[in-house]
There are 2 protein chains.
Amino acid sequence: MTAAGRTGISARRARRRRHNHPVFKPTVEDIAVAAGVSTATVSRVLNKPDSVSQFLRDKVRAEVTRLGYLPSGAARALASNRSHTAGAVIPTLNNAIFATAVAAFEAALTNNGYTMLVTVSSYDHIHEIAHVRRLIERGVDALMLVGLDHHDDVWRLIESSKCPAVAIWGHQDNPPIPCLGFDNAAATCGVVDHLVGLGHRRVGMVAGVTEGNDRARARRQGVEETLRRHGLVCTSRRFVEKPYSHQDGRDGLSELLAHGEPPTAIVCGNDVLAMGVMFEARDRGLSIPGDLSVVGFDNLPITEHLSPALTTIDVPSAAIGTATAEAILHHLADGTPIASRVFPAPFLLRQTTAAPA
Amino acid sequence: MTAAGRTGISARRARRRRHNHPVFKPTVEDIAVAAGVSTATVSRVLNKPDSVSQFLRDKVRAEVTRLGYLPSGAARALASNRSHTAGAVIPTLNNAIFATAVAAFEAALTNNGYTMLVTVSSYDHIHEIAHVRRLIERGVDALMLVGLDHHDDVWRLIESSKCPAVAIWGHQDNPPIPCLGFDNAAATCGVVDHLVGLGHRRVGMVAGVTEGNDRARARRQGVEETLRRHGLVCTSRRFVEKPYSHQDGRDGLSELLAHGEPPTAIVCGNDVLAMGVMFEARDRGLSIPGDLSVVGFDNLPITEHLSPALTTIDVPSAAIGTATAEAILHHLADGTPIASRVFPAPFLLRQTTAAPA
DNA sequence: ACTTGCGATGTAAGCGCTTACATCATACTA
DNA sequence: TAGTATGATGTAAGCGCTTACATCGCAAGT
């Protein structure tokens, strides 16, 4: 495959150029020939321009634009073992807070020549396995997952592929992979302290679904433990778990109100549930915070405009997305290990809490 | 490169297996050897299992799972000229309506073995060029764009790469690429008819930024033309254009109210702006719809829970995302041409409109 | 003048797959 | 029984890049 091989290639290519004309996609070889250099030089111009003399560099670049050359990502990935892509597996995009994180992640990647592959797990750990497998097959250089609750196969896949992975949104000591998130439990803990400080004794919660969701679980635990610490009742009937919609929030409040001795304050697993609670309260003629205190979690943009403005926890979603991308990029660039990081998730005191009636 | 070549490969691989042990990633060849078949058979088992005898099929599959084999997407893409990925270029992910469409698009792709690459253009046509180029370089089998306003270079890139592309959200006769969307102008036209029918003579608009955005432009034109058709005043001071935030909506209302003869009804370019208008009206003590009628566009989930519930246009975002993926998948599977499609975008009459005071 | 060293360039061997084509049994046809 | 489709399998040539290594020229060191 020396002279004969090359000729074969060129002959075929020349043929394609003439007959198969619908699509002529120039390759490195075409550029090399056009610029009168070797393919290695073309590759160098594209990848480490500094190692090529200015003269040839300009010549090659001219041909690249003249012929409209687009390098083949597949060939590049195959030869270099780097795809310049990163994958993100998220529970849902229909949650503004994740969408924001993903958008920030994508922006940082794009600014550095990377492209993002996204896949939505719908909170399903079994599906997630297939998604992670697929992303690894696609050759992503790194992976972003949400939380630390994952199927064993996911960990195995990450382990055996040696694909750098980082978990966001959560926080844990000695996590299996680096973790960029915040302390979900501490956040709700602070909320309860505040509520108890206002005089509330009957605190309820409309939590997110905690099964298979370490963030939701931590938030619920934060509430439970703090309630106990204050010596307050913390029965299961004060806790309902709901998926993610305004209607779920409404339903949550209805259920909490159905029992005798209903809570005077409700902590919510996220802002959407909190808004649902607020809507339902409004429709039932309950005034907030007069009759009922409500606290959310996420600080969605709309919450500050509500009347009353929702007291909530500010989740630094964009910062996490950006930081994750940067950590990955650094790691990929020079091997810098990815360090776990705990972001502050400050309590935003607004207008939906007050002393109980 | 016959016997010698192969031996060379095997030798290298064997060496890697022993020394370089940190990561041993089996290849088709490893599977082939382990199963006692040729690499072609392994490939067939993976891609068209029906063409292989059950006996060998099972044998190969057993080795695949035993060795934890993950095919290399890059090699596969390079050899087959199909990456099994599709790209989406969207203006922003921080708009629930796009996030929903993207999520639906992704779900349909994933269900069919495809993976989605996403890139956010931030409404910047120049940036978009680079994004489209990159996606094409990555070898996406198809592309989803939003709207039909794009830089010439984008069209050129699509044209010369022969990458199937579809535009969503918009509508146009004889579009350059298939278009799955709805009639933005007709929608706001209907809105104005309704408002005028209620007796409004002074109708204003808080539009989205129309420059470089055919959807926003069509919505605004729908309002303008209908106003003229009814013989009503349609001056530029009745129109303000704003980006996408609640605050922008508030600002929009403030500006519209700053002039003498302020509008009695306001059509908004999207629901976020509409909510901003509602918040500002509330803070100014204006009652809706008593003092001011407001209409949104998108039908975000929250809008029906607002008080009063927002009258708006229902944008079939999930349906568009799903349909786009399916059309692309069909096209990729058997060449079925992608047909343009106009989705209904029904007017949802709720509680924010009434006859003027 | 004669190494040395170094930066710029070329050579060619892969990267891990897919697939056209060749081969070979096997089962039909007549 | 010879001839021929037919289906299953193997062979090996690429797909379009990157990169280790070889080569070459030239300035600097002795």
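Numbers restart at 1 for each chain; the letters A, B, ... are given by sequence-line order, proteins then strands. Computation of the quantities below employed the complete heavy-atom set of this structure, encompassing side-chain atoms and omitting hydrogens, waters and symmetry-equivalent molecules.
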If you apply the rule side chain to side chain donor-acceptor pair (under 3.5 Å), what do you find for A:H151 with A:E128, and how did you get there? CA-CA 8 Å; A:H151 191 284; A:E128 197 186 39; over 6 Å; no
With nearest nucleotide decided by heavy atoms, which residue, B:R44 or B:A74, maps closer to the 5′ end of DNA chain C? B:A74
Between B:T41 and A:L78, which is nearer to the 5' end of DNA chain C once each is assigned its nearest nucleotide? A:L78
Assess whether a salt bridge exists between A:R134 and A:E137, defined as any Lys/Arg side-chain N lying under 4.0 Å from an Asp/Glu carboxylate O. no
Can a salt bridge be assigned to the pair B:R156 and B:E159 using a cut-off of 4.0 Å between side-chain N and carboxylate O? no
Spacing of [X] atom [atom1] relative to [N] atom [atom2], expressed in whole Å:
{"X": "B:F55", "N": "D:dG7", "atom1": "CZ", "atom2": "C1'", "result": "17 Å"}
{"X": "A:L56", "N": "D:dC24", "atom1": "CG", "atom2": "C1'", "result": "14 Å"}
{"X": "B:Q54", "N": "D:dT9", "atom1": "CD", "atom2": "C1'", "result": "17 Å"}
{"X": "A:R82", "N": "D:dG16", "atom1": "CZ", "atom2": "P", "result": "24 Å"}
{"X": "B:K48", "N": "C:dT19", "atom1": "NZ", "atom2": "C1'", "result": "7 Å"}
{"X": "B:R76", "N": "C:dC15", "atom1": "CZ", "atom2": "P", "result": "19 Å"}
{"X": "B:I31", "N": "C:dT18", "atom1": "CD1", "atom2": "P", "result": "12 Å"}
{"X": "B:L46", "N": "C:dG16", "atom1": "CG", "atom2": "P", "result": "15 Å"}

Is B:T110 close to A:V120 at the side-chain level, that is, under 4.5 Å between some pair of heavy atoms? no
Side chain proximity check, A:T41 to A:S38, heavy atoms < 4.5 angstrom: yes
Just by distance, with hydrogens left out, do B:T336 and B:D334 show a side-chain donor and acceptor under 3.5 Å apart? yes
What's the closest nucleotide to the side chain of [X] if the choices are [options]?
{"X": "B:V52", "options": "D:dT18, D:dC21, D:dT9", "answer": "D:dT9"}
{"X": "B:T27", "options": "D:dA12, C:dC17, C:dT9", "answer": "C:dC17"}
{"X": "A:V28", "options": "C:dG16, D:dT18, D:dC17", "answer": "D:dC17"}
{"X": "B:A40", "options": "C:dC17, D:dA12, C:dC15", "answer": "D:dA12"}

Measure the angle between the two terminal helix axes of the helix from C:dA1-D:dT30 to C:dA30-D:dT1, five base pairs each, and quote it to 10°. 40°
If you count every heavy atom of other residues, nucleotides or ligands that lies below 6.0 Å from A:D58 atom CG, does the total exceed 12? yes
Presence of [X] side-chain N/O under 4.0 Å of [N] phosphate oxygens OP1/OP2:
{"X": "B:S53", "N": "D:dT9", "value": "yes"}
{"X": "A:S43", "N": "D:dT18", "value": "yes"}
{"X": "A:N47", "N": "D:dT18", "value": "yes"}
{"X": "B:S80", "N": "C:dT18", "value": "no"}

side-chain contact (heavy atoms from CB on, under 4.5 Å) involving A:R57 - partner list, sequence neighbours excluded: A:V45, A:P49, A:V52, A:Q54, A:R61
When all nucleic acid strands are considered with a 4.0 Å heavy-atom cut-off, which category describes A:V42: base, sugar-phosphate, or nothing? nothing
Under 4.0 Å, counting only non-hydrogen atoms across every strand here, what does B:Y69 touch: a base, just sugar-phosphate, or nothing? sugar-phosphate
